[in-house]
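Following: one structure in structure tokens, then a few remarks.
Just so we're on the same page: letters track the sequence lines, and every chain starts at 1.
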Amino acid sequence: MSSFAHQLIRWQKQHGRHHLPWQGADAYRVWLSEIMLQQTQVATVIPYYQRFVAAFPDVAALAAASEDDVLAHWSGLGYYARGRNLHKAARIVVEKFDSAFPRKFDDIVELPGVGRSTAAAVCALAYHERRAILDGNVKRVLARYCGIEGWAGDKKVEERLWQQAEALLPESDIATYTQALMDMGATVCTRIKPKCVLCPVQADCVALATDRVAALPTPRPRKAVPERHAVFLLLMHGNDILLEKRPSSGIWGGLWCPPQFEDETAAREWFIRQELEASAGERLEEFSHTFTHFRLHITPLKVQLAHKPLRAAQPGAMWLEVEEALGAAIPTPVRKVLSVLSPLLSNQHQNRRG
DNA sequence: AAGCCGGGGGC
DNA sequence: GCCCCAGGCTT
């Protein structure tokens, strides 16, 4: 066994994390945790994971649930395609694998939302199979340990990292080793101010030996984020608000939001076309929401309807009490607006979904 | 290869 | 503010 793997396994037993809620769990829960942990930090995931397994204790329960219910439990976690794919995958597992989470890597990696690294993580952690993972932690650890230059998003760089990840695998103790890589990256080989004096492989680290720890891994090239504007039309009737289900592709796919417009003029035109009559209108305080690739400035426009709408809500739309809406599949900025709208709600209720 | 897809932690 | 996080999918 390489010294690298041996040192990591030894380090893990004494200094690794041993109380994460999905550790030692079955393949379903390991898979669920891995999906939630994609691009999301452990501390953020834990409360979502706890609520999720309580609601959907096994893959059959998840498959039996509605996509809407699944997304309601995903609300606030972001990257909602993960939630939609998770639900889709659960139904595939029920149909194609008789409700037993697949045992083979080739089957797991075919599930929607599961790529090479996530499939390998499930195989290594749940099945103790000899598979290499390559997530953010591993990329950082290997870039430093092996002294690999270049942004990991670059195809050639990523291929080198995969190659090293495979080459350094131990013959046994795969689950412990895999967890060690991630725990090391999360607690010792951190992005900023790494604790090299505590590192079990400091003696062989190329970055440390060549004084490049702070420079590796090479950061992603940055671009300016464009600014966009939007109006949220908060159509109220008493305590009820109108929400529309967004198309499954694009931002906040499959989630429930107030009607959204590019500007106030577009919102007014839509309002008139719907033959609605307002008894009062109010422009609420503008706020902004930042995504990875743009910043959205949101102006909430609150309108009290004079009469109850004659027509029922159209398909893909629904009227909900504000309090109910806070328990639905809504993105964070909508949660923010609804919380302002309903200041009488108790803190406990507002925080229920985290 | 590059863009899209959220939200938050930590500095 | 900035950068990244137990990535994968689409174009």
Side-chain angles (χ1 to χ4, degrees), chain A residues 17 20-23 30-49 71 74-86 88-89 109-122 124-126 131-141 143 151-159 161-162 165 175 178-187 189-194 214 217-226 246-255 257 288-296 329-336 353-354:
Chain A
R17 296 175 291 190
L20 298 174
W22 44 83
Q23 283 179 336
V30 171
W31 165 61
L32 169 62
S33 73
E34 288 298 327
I35 300 299
M36 286 188 164
L37 287 161
Q38 287 171 2
Q39 301 298 95
T40 310
Q41 294 183 354
V42 168
T44 301
V45 163
I46 288 176
Y48 283 88
Y49 175 86
L71 288 178
W74 207 271
S75 170
L77 198 51
Y79 283 155
Y80 297 97
R82 293 184 297 170
R84 297 194 308 273
N85 282 331
L86 191 81
K88 207 178 300 175
V109 80
E110 285 300 309
L111 295 173
V114 179
R116 179 176 173 183
S117 186
T118 297
V122 173
L125 296 171
R131 298 275 177 186
I133 66 165
L134 191 64
D135 58 32
N137 285 315
V138 182
K139 285 174 182 170
R140 186 171 55 254
V141 171
W151 173 48
D154 183 342
K155 204 67 177 169
K156 301 288 287 181
V157 175
E158 191 185 9
E159 196 40 54
L161 289 166
W162 270 115
T178 303
Q179 191 64 47
L181 265 179
M182 298 189 289
D183 288 4
M184 252 273 293
T187 65
C189 196
T190 50
R191 186 168 67 89
I192 298 169
K193 288 211 264 183
T218 306
R220 93 160 38 236
R222 278 296 157 185
K223 295 173 184 171
V225 293
R246 297 179 66 99
S248 59
S249 67
I251 207 97
W252 300 327
L255 270 67
C257 296
S288 62
H289 187 78
T290 306
F291 298 85
T292 312
H293 47 301
F294 65 94
R295 185 195 314 276
L296 188 62
I330 55 174
T332 292
V334 173
R335 181 173 306 280
K336 205 172 191 173
R353 296 288 185 207

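- Contacts of Gly250(A) with the nucleic acid, taken as non-hydrogen atoms under 4.0 Å apart, involve only primed sugar atoms and P, OP1 or OP2.
- Atom CD in Gln39(A) sits about 16 Å away from atom P in dG9(B), given to the nearest Å.
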### Query
Does the pair Leu255(A) and Trp74(A) meet the rule for a side chain to side chain contact (heavy atoms under 4.5 Å, CB included), with working shown?
CA-CA 10 Å; Leu255(A) 270 67; Trp74(A) 207 271; over 6 Å; no

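- No side-chain donor-acceptor contact under 3.5 Å links Arg335(A) to the backbone of Ser75(A).
- Counting any heavy atom pair closer than 4.0 Å across all strands shown, Glu158(A) reaches no nucleic acid atom.
- Spacing between atom CD of Gln38(A) and atom P of dG6(B) amounts to 13 Å, rounded to whole angstrom units.
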### Task
Given side chain to side chain contact (heavy atoms under 4.5 Å, CB included), test Trp162(A) with Val138(A) step by step and report yes or no.
CA-CA 10 Å; Trp162(A) 270 115; Val138(A) 182; over 6 Å; no

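- Between the side chain of Arg140(A) and the main chain of Gly185(A), a donor-acceptor pair closer than 3.5 Å is present.
- Base pairing annotation: dG6(B) forms no Watson-Crick or G-U wobble pair, as no partner gives both donor-acceptor distances under 3.5 Å.
- With dA6(C), dG6(B), dG7(B) as the candidates, the nucleotide lying closest to the side chain of Gln179(A) is dA6(C).
- For dC4(C), the OP1/OP2 oxygens have no side-chain nitrogen or oxygen of Arg140(A) closer than 4.0 Å.
- Among the heavy atoms of the strands lying under 4.0 Å from Leu77(A) is at least one base atom, whether or not backbone atoms are also near.
- A tilted orientation is assigned to the rings of Trp252(A) and Phe291(A), their planes being inclined by 30° to 60°.
- Residue Tyr79(A) is classed as a base contact, given a heavy-atom separation below 4.0 Å to a base.
- Using atom C1' as the reference point in both dG8(C) and dG9(B), the two lie 22 Å apart (nearest Å).
- Comparing dG8(C), dG7(B), dG3(B) by their nearest atom to the side chain of Ser117(A) picks out dG8(C).
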### Task
Report the C-alpha separation of Met182(A) and Asp135(A) in whole Å, then their side-chain angles, then the decisive distance to 0.1 Å, and conclude whether the side chain to side chain contact (heavy atoms under 4.5 Å, CB included) test is met.
CA-CA 8 Å; Met182(A) 298 189 289; Asp135(A) 58 32; 3.4 Å; yes

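- Residue order along DNA chain C, read from the 5' end via each residue's closest nucleotide, puts Trp22(A) first among Pro112(A) and Trp22(A).
- Each of Trp252(A) and Arg191(A) lies near DNA chain B, and the nucleotide nearest Trp252(A) is the one positioned closer to the 5' end.
- Protein atom NZ of Lys139(A) is 11 Å distant from nucleotide atom P of dA6(C), rounded to whole Å.
- Using a 4.0 Å heavy-atom distance criterion, Val42(A) is classed as a base contact.
- A close approach under 4.0 Å does not occur between any side-chain nitrogen or oxygen of His289(A) and OP1 or OP2 of dG6(B).
- Nucleotides dC11(B) and dA6(C) are separated by 14 Å at their P atoms, to the nearest Å.
- Heavy atoms only, all atoms of each residue included: Trp31(A) and Ala89(A) are closest at CZ2-CB, 3.6 Å.
- Annotation: of the two residues near DNA chain B, Arg82(A) and Trp151(A), the 5′-most nearest-nucleotide partner is Trp151(A).
- Counting only heavy atoms from C-beta on, Glu34(A) has its side chain closest to dA6(C) among dA6(C), dC4(C), dG7(B).
- Closest to the Thr44(A) side chain, of the nucleotides dG7(B), dG9(B), dC4(B), is dG9(B).
- Atom C1' of nucleotide dC9(C) and atom CG of Asn85(A) are separated by 8 Å, given to the nearest angstrom.
- The interatomic distance linking Trp162(A) (CH2) with dA6(C) (C1') rounds to 12 Å, in whole Å.
- Counting only heavy atoms from C-beta on, Thr118(A) has its side chain closest to dG8(C) among dG8(C), dA2(B), dG7(B).
- Residue contacts shown for Pro217(A) are absent, as no nucleic acid heavy atom lies under 4.0 Å away.
- Using C1' as the reference atom, dG6(B) and dC4(C) are 13 Å apart when rounded to the nearest Å.
- Using a 4.0 Å heavy-atom criterion, one finds that Thr292(A) contacts the bases of the nucleic acid, with or without backbone contacts as well.
- Residues Leu20(A) and Gly113(A) both approach DNA chain C. Their nearest nucleotides, taken by heavy-atom distance, put Leu20(A) toward the 5′ side.
- Using a 4.0 Å heavy-atom cutoff across all strands shown, Arg84(A) reaches no nucleic acid atom at all.
- Counting any heavy atom pair closer than 4.0 Å across all strands shown, Lys156(A) reaches no nucleic acid atom.
- Note on Leu296(A): nothing from the nucleic acid sits closer than 4.0 angstrom, heavy atoms only.
- The base of dA6(C) does not come close enough to the side chain of Arg131(A) for any donor and acceptor atom to sit less than 3.5 Å apart.
- Taking the side chain of Ile251(A) as heavy atoms from C-beta on, and the options dG7(B), dG6(B), dA6(C), the nearest nucleotide is dG6(B).
- Spacing between atom CZ of Arg116(A) and atom C1' of dG7(C) amounts to 13 Å, rounded to whole angstrom units.
- Contacts of Thr40(A) with the nucleic acid, taken as non-hydrogen atoms under 4.0 Å apart, include base atoms.
- Across the protein-nucleic acid pair, Tyr48(A) atom OH and dG7(B) atom P stand 9 Å apart, rounded to whole Å.
- Residue Lys155(A) has its side chain nearest to dA1(B) when only dA1(B), dG7(B), dC3(C) are considered.
- The interatomic distance linking Leu37(A) (CG) with dG7(C) (P) rounds to 8 Å, in whole Å.
- For the pair Gln179(A) and Leu125(A), the tightest heavy-atom approach, listed with the atom from each and the gap, is OE1-CD2, 4.0 Å.
- Residue contacts shown for Trp31(A) are absent, as no nucleic acid heavy atom lies under 4.0 Å away.
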